[in-house]
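Throughout, protein chains are lettered first and strands after them, A, B, ... in sequence-line order, and every chain is numbered starting at 1.
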2 protein chains.
Amino acid sequence: MARRKRESAGGKPTIFDVAQRAGVSIKTVSRVVNHEDNVRENTRERVLAAIADLDYQPNAAARGLSSKRSYVIGLIYENADEFSYMKHVLDGALAACEAQGYTLLLRPLTLPNDELLAQIRTFAVQARVDGVVLPAPIGDIDGVVDLLKELDVPFATVTPRTPKPEGINVFCDDAQASQDLASYLIEQGHNRIGFILGHPDHRATEQRYKGYRQALKAHGIGYDAALVRKGLFTFESGQQAAAKLLSLDTPPTAIMASNDDMAAGVSFHAHERGLDVPGDLSVVGFDDTPVASHMWPPLTTARQPISSMVEAAVNGLVRQLRGEEANLSEAPFHCEVVIRRSTGATP
Amino acid sequence: MARRKRESAGGKPTIFDVAQRAGVSIKTVSRVVNHEDNVRENTRERVLAAIADLDYQPNAAARGLSSKRSYVIGLIYENADEFSYMKHVLDGALAACEAQGYTLLLRPLTLPNDELLAQIRTFAVQARVDGVVLPAPIGDIDGVVDLLKELDVPFATVTPRTPKPEGINVFCDDAQASQDLASYLIEQGHNRIGFILGHPDHRATEQRYKGYRQALKAHGIGYDAALVRKGLFTFESGQQAAAKLLSLDTPPTAIMASNDDMAAGVSFHAHERGLDVPGDLSVVGFDDTPVASHMWPPLTTARQPISSMVEAAVNGLVRQLRGEEANLSEAPFHCEVVIRRSTGATP
DNA sequence: ACTCCATATGACAACGTTGTCATTTCATGG
DNA sequence: CCATGAAATGACAACGTTGTCATATGGAGT
């Protein structure tokens with residue numbers, strides 16, 4: 001007269017309650033919940049009705065214990081002060097995880113970091129994640145991808161493509177966007193355009209630099225090494241690079257920074273020198289972070305669809321975890337150029 | 001000759017492996033792992049050694065299934081465009097969770113939102129969180145706290161204190177910091193000081209307004225309602241409020257905005273009008289977000305120890321979950337005033 | 001040495017799923 | 001009407017911990 005287990009106590013309904021109500025075995029309920037084949041339509045409906053009636057929610061712990069999967073995806077990221085890029089990463093990752101029924105587990109890391117690989121190993125093993133997403137610059141770092149392969153943890157990177165991409169890789173046309181920005185400046189009459197490189201550990205750095213050179217070449221403008229300075233993607237490094245560039249005997253009339261923070265630094269320094277932007281100096285950034293539209297003057301820049309890229313990465317990862325084809329498009333995501341008031345015609 | 005279970009397969013070591021190696025029962029291993037009493041020092045050491053030898057990590061799913069706790073803390077937050085406040089919230093929450101052995105589960109919400117309570121209910125029930133952290137402005141919203149009490153989900157709020165605080169509440173001295181900022185302006189010679197209110201749903205809004213009025217009163221300056229404008233904590237609302245204030249017959253010589261984004265809007269608008277900051281207009285913000293130090297001129301503002309506050313909230317919550325006294329200090333956290341170049345003497 | 005009690009340890013049954021394999025059901029063709 | 005095999009369903013044992021309760025151990029007091 002009674003099931004052997006779960007005498008329908010006051011707690012949350014379990015798979016037994018649903019099975020009893022639908023008049024089937026727990027295994028059939030499990031099949032319905034997990035969208036498995038070989039369930040008669042009629043049966044499926046009865047089970048779904050019982051689930052709805054009882055407001056049944058599968059117990060994640062039990063599921064994880066039995067299936068040996070955690071339904072957790074790890075997001076390993078650089079925890080820099082500037083977080084606007086990561087905000088978009090987070091939005092995309094959360095949206096995709098939610099849609100796929102996965103939980104997102106955050107693992108911030110500080111860079112540079114000698115123990116990086118050890119920390120990632122600990123995280124990957126200890127947290128029992130089913131897979132890991134590696135946005136730039138983490139996915140760019142030597143050894144990270146190899147480590148995850150060694151640990152046999154599925155992963156997806158969101159970072160400019162390497163010659164031989166490993167695992168799932170989502171990327172965008174940084175170089176093209178950079179070229180478009182530089183071309184725009186050239187069309188405004190600029191022919192001495194300063195360029196501030198990004199952090200050398202970010203693969204995007206070389207892509208953006210490449211676009212700059214391509215634009216010069218396409219317009220027949222000679223390359224001047226004095227106009228290219230190193231930077232670190234920080235506001236301060238942008239200030240410093242701007243100071244050097246504007247102290248040249250023939251200073252540039254426009255400066256392209258490899259990201260918005262450095263561009264803000266350039267603009268800040270120009271103001272300190274009493275220069276007008278864009279009257280005396282045009283300034284260009286990259287990323288379209290909030291600071292780009294809120295600083296004065298607002299910044300001409302390029303916007304990456306970061307959330308969508310990360311969503312695509314998570315979706316690909318989940319498909320792989322489910323044993324399906326990862327099935328990622330080979331085409332890069334497209335960056336959009338945003339023209340604002342920080343750029344104008346040659347003085 | 002063999003245990004009944006777990007013939008030491010190739011997989012991860014389990015509590016059985018540790019028990020065998022240490023020559024004790026699994027229950028004793030469990031006791032050691034969970035820091036329970038009544039384990040002889042000698043025994044504890046043997047178990048710990050075995051754990052270290054095998055690199056044993058308890059299985060979270062099994063633990064959760066057995067103990068009926070998830071070891072997950074939910075963080076419900078407003079997913080605004082501007083994320084610098086949330087970055088600090090996140091840092092604090094992650095740090096505390098990591099230290100306490102809990103996992104953080106993120107639940108972004110968009111505001112305003114008619115289905116807010118339903119969404120929170122779904123999250124709290126479905127995600128099986130052990131507790132929830134509610135930073136401002138979520139913790140300020142009518143009904144949220146009551147809902148969690150009804151659901152019997154432990155929670156901690158990080159938001160200005162109400163007359164009768166419910167659950168764990170962590171807060172800081174917003175009003176005092178605001179008063180200090182206003183006093184500083186008055187000491188610089190300003191006596192017509194504009195004030196831009198924050199979003200009416202944030203409890204911090206009234207606190208910061210209160211500090212402004214207290215400073216006026218303390219210095220014997222009359223209150224002028226025309227100098228106080230509504231805002232929404234956004235850049236745009238700051239611009240608009242500044243436009244109104246600067247169009248007055250006798251415009252203010254300084255404007256206090258209730259946060260940095262609005263202050264950036266004020267500064268932006270001042271530039272559009274051709275005004276010099278701080279020569280013609282002093283501008284003050286609140287929060288010390290990255291934009292405050294990166295905009296031109298850099299912004300005088302007040303900095304809250306948000307990470308520490310959220311850490312304290314999580315720690316209090318965890319203590320409560322463990323059945324200990326929540327044991328929170330009654331003293332508010334202290335905000336620090338940061339003087340930068342956006343403020344100066346009266347023109 | 002012996003009792004007694006607190007302390008330390010162990011045996012074993014949950015916990016709620018999924019995986020494996022056995023069994024039933026159903027349509028189909030002979 | 002029966003044999004056949006595929007589709008549908010079910011029985012039951014994991015999964016790795018913690019909670020409960022029973023039992024062993026050791027030291028203090030006689």
To the nearest Å, give me how far apart [atom1] ([X]) and [atom2] ([N]) are.
X: A:Leu65; N: D:dC15; atom1: CG; atom2: C1'; value: 4 Å
X: B:Gln20; N: D:dG16; atom1: CD; atom2: P; value: 15 Å
X: B:Ile15; N: D:dT18; atom1: CD1; atom2: P; value: 5 Å
X: B:Glu36; N: D:dC21; atom1: CD; atom2: P; value: 15 Å
X: A:Asn59; N: C:dC15; atom1: CG; atom2: P; value: 12 Å
X: A:Gln57; N: C:dT17; atom1: CD; atom2: C1'; value: 15 Å
X: A:His35; N: C:dT18; atom1: NE2; atom2: P; value: 12 Å
X: B:Lys12; N: D:dC15; atom1: NZ; atom2: P; value: 15 Å

C:dT17 phosphate, OP1 or OP2, under 4.0 Å from A:Tyr56 side-chain N/O: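 Yes, A:Tyr56 has a side-chain N/O under 4.0 Å of OP1/OP2 on C:dT17.
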C:dT18 base to A:Ser67 side chain: any donor-acceptor pair below 3.5 Å?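 No.
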Base-contact (B) and sugar-phosphate-only (S) positions in nucleotides 5-10 of chain C, heavy-atom cut-off under 4.0 Å, - elsewhere: --SSBB
Gap separating the CD atom of A:Gln304 from the CD1 atom of A:Ile306, nearest 0.5 angstrom: 5.0 Å
Tell me, with the steps shown, if A:Asp91 and A:Lys87 meet salt bridge (charged side-chain N to carboxylate O under 4.0 Å, His left out). CA-CA 6 Å; A:Asp91 284 349; A:Lys87 180 221 185 316; 2.7 Å; yes
side-chain hydrogen bond (donor to acceptor under 3.5 Å, both in side chains) against A:Arg44, all qualifying residues, sequence neighbours excluded: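 Listed in chain order: nothing, the list is empty.
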Please assess B:Val33 against B:Val18 for the test side chain to side chain contact (heavy atoms under 4.5 Å, CB included), listing each intermediate value before the final yes or no. CA-CA 11 Å; B:Val33 169; B:Val18 176; over 6 Å; no
More than 12 heavy atoms from other groups under 6.0 Å of CG on A:Asp81: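 No, because the 6.0 Å sphere around CG of A:Asp81 holds 12 heavy atoms or fewer from other groups.
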Mind jotting down which residue pairs meet the side-chain hydrogen bond (donor to acceptor under 3.5 Å, both in side chains) criterion with at least one end in residues 100-118 of chain A? Sequence neighbours excluded, please. A:Gln100-A:Asn315, A:Gln100-A:Arg322, A:Asn113-A:Gln119
Before you tell me yes or no, could you show the steps for A:Ile73 and A:Leu105 under side chain to side chain contact (heavy atoms under 4.5 Å, CB included), namely the whole-Å CA-CA distance, both residues' side-chain angles and the distance that decides it to 0.1 Å? CA-CA 6 Å; A:Ile73 286 182; A:Leu105 184 56; over 6 Å; no
Quick check for you: among D:dT17, C:dG16, C:dG19, whose closest atom lies nearest to any side-chain atom of A:Arg69?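 Looking only at heavy atoms from C-beta outward on A:Arg69, the closest nucleotide is C:dG19.
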